[in-house]
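Right, one structure below, let's go through it.
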2 protein chains.
Amino acid sequence: MSTDAAGEEIRSRGFVTSFARGLDVIGAFGPGAGRLTLSEVASRAGLDRAVARRLLMTLVELGFAESESRRFALTPQVLRLAQAYLGGAGLDRRMQPALEALANRLGESVSLSVLDWPDIVNVARAEAADRPFRHALTVSARMPAHATASGRVLMAALPADVARAHLAAPLPRYTPRTVTESDALMRAVAACRDAGFAVLDGELEEGFASAAVPVADATGRVVAALATSSHAGRRDAAALRAEVVPAMLATAREMSALLV
Amino acid sequence: MSTDAAGEEIRSRGFVTSFARGLDVIGAFGPGAGRLTLSEVASRAGLDRAVARRLLMTLVELGFAESESRRFALTPQVLRLAQAYLGGAGLDRRMQPALEALANRLGESVSLSVLDWPDIVNVARAEAADRPFRHALTVSARMPAHATASGRVLMAALPADVARAHLAAPLPRYTPRTVTESDALMRAVAACRDAGFAVLDGELEEGFASAAVPVADATGRVVAALATSSHAGRRDAAALRAEVVPAMLATAREMSALLV
DNA sequence: GCACTATAGTGCGCAATGCGCATAAATGGG
DNA sequence: CCCATTTATGCGCATTGCGCACTATAGTGC
């Protein structure tokens with residue numbers, strides 16, 4: 001296979017092409033893809049039809065896809081791959097009790113997020129609930145990292161060069177208060193690192209303030225951000241700082257203890 | 001490679017071993033795995049260390065994993081694979097408005113689930129919220145299919161032989177009302193198919209009733225179940241049937257219209 | 001109903017790719 | 001500092017996957 005074509009990465013010799021192509025096939029089922037024919041998959045993934053077919057057959061055999069009347073679709077089993085990540089990172093149901101306790105204590109819903117630049121991805125959530133129902137874990141809500149408290153906390157945990165690289169591309173503005181300029185963001189991130197938490201006020205949506213704190217594992221590595229957001233009518237930024245952040249820091253410490 | 005060892009499936013000739021092994025490597029990062037060494041991954045996935053290493057390098061190169069000081073971990077990018085499934089199935093943010101409208105109308109939280117036997121997996125959720133904040137989509141809460149209204153609805157959409165095969169293994173009991181016996185469940189599922197909805201009362205947890213209706217795509221295929229659950233003190237099973245199910249059926253039709 | 005097009009499925013020869021041993025380097029514990 | 005363990009690399013072999021070309025099948029227009 002051509003590994004030297006212009007624009008193509010030079011792959012290290014320990015690169016398993018078939019695996020990468022298989023992942024491309026999964027990726028071919030993008031948003032709004034629905035059930036795809038073999039040729040559609042092949043062209044979306046940029047593969048020969050025969051190759052795409054073999055990979056699809058593999059997925060079907062493993063239960064990750066199903067085919068019916070010449071159309072293929074992924075199955076919910078694909079979600080287990082995501083759970084491999086979540087479970088491996090320790091961001092699974094063990095976090096839930098602490099999360100719910102915090103939600104009830106604050107009377108706000110709280111969430112746990114990780115960074116997948118340029119987004120933060122929600123991996124768990126708890127509501128200030130009157131009902132003791134197991135919510136278990138919730139995933140996949142994405143929000144722009146640069147305009148959320150969680151994003152700021154997670155960026156603060158990044159090596160400076162990585163953070164700066166991320167900020168090279170222009171970032172969208174959501175409100176007049178959104179910080180989009182690279183240097184200003186770097187300063188904000190540094191301030192957040194010093195403070196140990198982040199409070200943002202109306203940078204994503206007018207009238208909403210959010211607060212976040214880092215959650216670290218036993219080795220001190222930041223693995224997630226714990227966040228809550230609040231309507232300004234209820235709690236403004238100052239109130240978040242005073243009332244909410246201390247409780248969140250305590251919960252974050254609790255969670256750290258659960259993370260091996 | 002031995003494809004004939006006892007207990008091993010006979011893989012069709014169109015089976016891409018390296019791809020399957022790569023997926024095994026992702027799966028090796030199970031619950032509580034944390035950061036794994038090469039050898040740990042190899043032994044968990046049942047692979048030669050050299051093979052595991054090549055596959056890990058591939059994952060790292062693609063951004064699905066990272067290695068630091070000889071330990072590997074998956075990255076949040078793995079969650080994009082799950083989103084390929086969700087997006088492809090149409091179970092993405094387009095469903096959210098209808099879901100939220102229903103939640104507000106009912107004053108209960110509602111969820112959208114798919115079947116990954118023996119579980120149902122939550123793929124979206126909305127709360128009866130006072131705040132207009134974008135919850136987007138939530139994934140990954142698993143509940144036992146045989147003890148939930150969603151599960152019953154989704155089983156009703158299965159071919160009878162598949163359903164029966166699923167019920168071959170014994171099912172756990174959660175309350176005295178849990179239906180665990182195969183024939184009884186088949187009957188309940190059939191009844192649910194006739195009725196077009198399911199209402200369960202205390203089969204998963206004492207004092208909680210839940211209702212679910214199927215959501216079909218344009219071709220009539222059931223792709224998800226729309227469900228709500230309620231504390232018995234607030235609404236009992238009869239109330240769910242009378243007040244809630246009609247609104248849910250309407251929302252399900254709305255959602256069907258969004259599904260190509 | 002028939003020709004025509006497009007897409008799916010199969011066969012097969014080639015060789016590149018991935019395998020897996022065995023060796024070298026590196027780490028870490030005692 | 002040495003030994004045990006794990007990681008990293010090398011390399012020859014043949015298996016595995018590739019991708020062309022061919023056939024089968026389904027869907028369309030007339």
Side-chain angles (χ1 to χ4, degrees), chain A residues 1-5 8-29 33-62 64-74 218-219, chain B residues 1-5 8-26 28-29 33-62 64-74 218-219 260:
Chain A
M1 242 103 285
S2 63
T3 57
D4 50 347
E8 271 293 330
E9 310 284 332
I10 291 127
R11 335 230 77 143
S12 50
R13 57 237 116 271
F15 189 81
V16 183
T17 314
S18 327
F19 181 28
R21 287 176 168 171
L23 293 171
D24 282 345
V25 165
I26 295 179
F29 292 88
R35 322 202 115 235
L36 298 177
T37 69
L38 171 58
S39 313
E40 284 167 343
V41 172
S43 83
R44 277 168 183 252
L47 298 173
D48 186 278
R49 285 221 323 284
V51 176
R53 187 166 185 277
R54 281 189 287 270
L55 294 167
L56 282 168
M57 306 263 286
T58 307
L59 284 171
V60 169
E61 200 140 337
L62 297 174
F64 289 107
E66 53 170 9
S67 75
E68 195 191 296
S69 63
R70 296 154 202 278
R71 292 197 163 255
F72 294 85
L74 298 177
T219 72
Chain B
M1 238 106 288
S2 65
T3 57
D4 50 346
E8 271 293 331
E9 312 285 328
I10 291 126
R11 334 231 78 143
S12 48
R13 59 236 117 273
F15 189 82
V16 184
T17 313
S18 324
F19 181 28
R21 287 175 167 171
L23 293 171
D24 283 344
V25 165
I26 295 179
F29 292 87
R35 322 202 115 236
L36 298 177
T37 71
L38 172 58
S39 316
E40 284 166 343
V41 172
S43 83
R44 278 168 181 251
L47 298 172
D48 186 279
R49 287 227 312 289
V51 176
R53 187 168 184 277
R54 281 189 288 268
L55 294 167
L56 281 168
M57 306 262 287
T58 307
L59 284 171
V60 169
E61 199 139 338
L62 297 174
F64 289 107
E66 53 170 9
S67 74
E68 194 190 296
S69 63
R70 290 150 207 282
R71 293 197 162 255
F72 294 86
L74 298 177
T219 72
V260 194

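Quick note on labels: first sequence line is chain A, next is B, and so on, each numbered from 1. Quick note: numbers below take in every heavy atom, side chains included, and nothing from hydrogens, waters or symmetry partners.
- Rounded to a whole Å, the CZ atom of B/Arg21 is 12 Å from the P atom of C/dG18.
- The separation between A/Arg53 atom CZ and D/dC22 atom P is 19 Å, rounded to whole Å.
- Each of A/Phe19 and A/Glu40 was assigned the nucleotide of DNA chain C with the nearest heavy atom; the assignment lying further toward the 5' end belongs to A/Glu40.
- Neither OP1 nor OP2 of D/dC18 sits under 4.0 Å from any side-chain N or O of A/Arg49.
- The existence of a salt bridge linking A/Glu66 and A/Arg35 is confirmed by a sub-4.0 Å separation between a basic side-chain nitrogen and an acidic carboxylate oxygen.
- At least one donor-acceptor pair closer than 3.5 Å links the side chain of A/Thr58 to the backbone N or O of B/Val16.
- The distance from atom CE of A/Met57 to atom C1' of D/dG17 is 14 Å, rounded to the nearest whole Å.
- The distance between atom CG of A/Leu55 and atom C1' of D/dC18, rounded to the nearest whole Å, is 11 Å.
- Rounded to whole angstrom, the span from the CZ atom of B/Arg54 across to the P atom of C/dC21 amounts to 11 Å.
- Smallest separation of non-hydrogen atoms from A/Val25 and A/Val41: CG1-CG1, 3.9 Å.
- The distance from atom CG of B/Leu38 to atom P of C/dA26 is 17 Å, rounded to the nearest whole Å.
- A 4.5 Å side-chain heavy-atom check between A/Leu47 and A/Leu55 finds at least one atom pair inside the cut-off.
- Closest-nucleotide positions on DNA chain C for A/Ala50 and A/Ser18 were compared, and the one nearer the 5' end corresponds to A/Ala50.
- Protein atom CZ of B/Arg70 is 7 Å distant from nucleotide atom C1' of C/dT27, rounded to whole Å.
- Between the P atom of C/dG18 and the CG atom of B/Leu56 lies a distance of 15 Å, rounded to the nearest Å.
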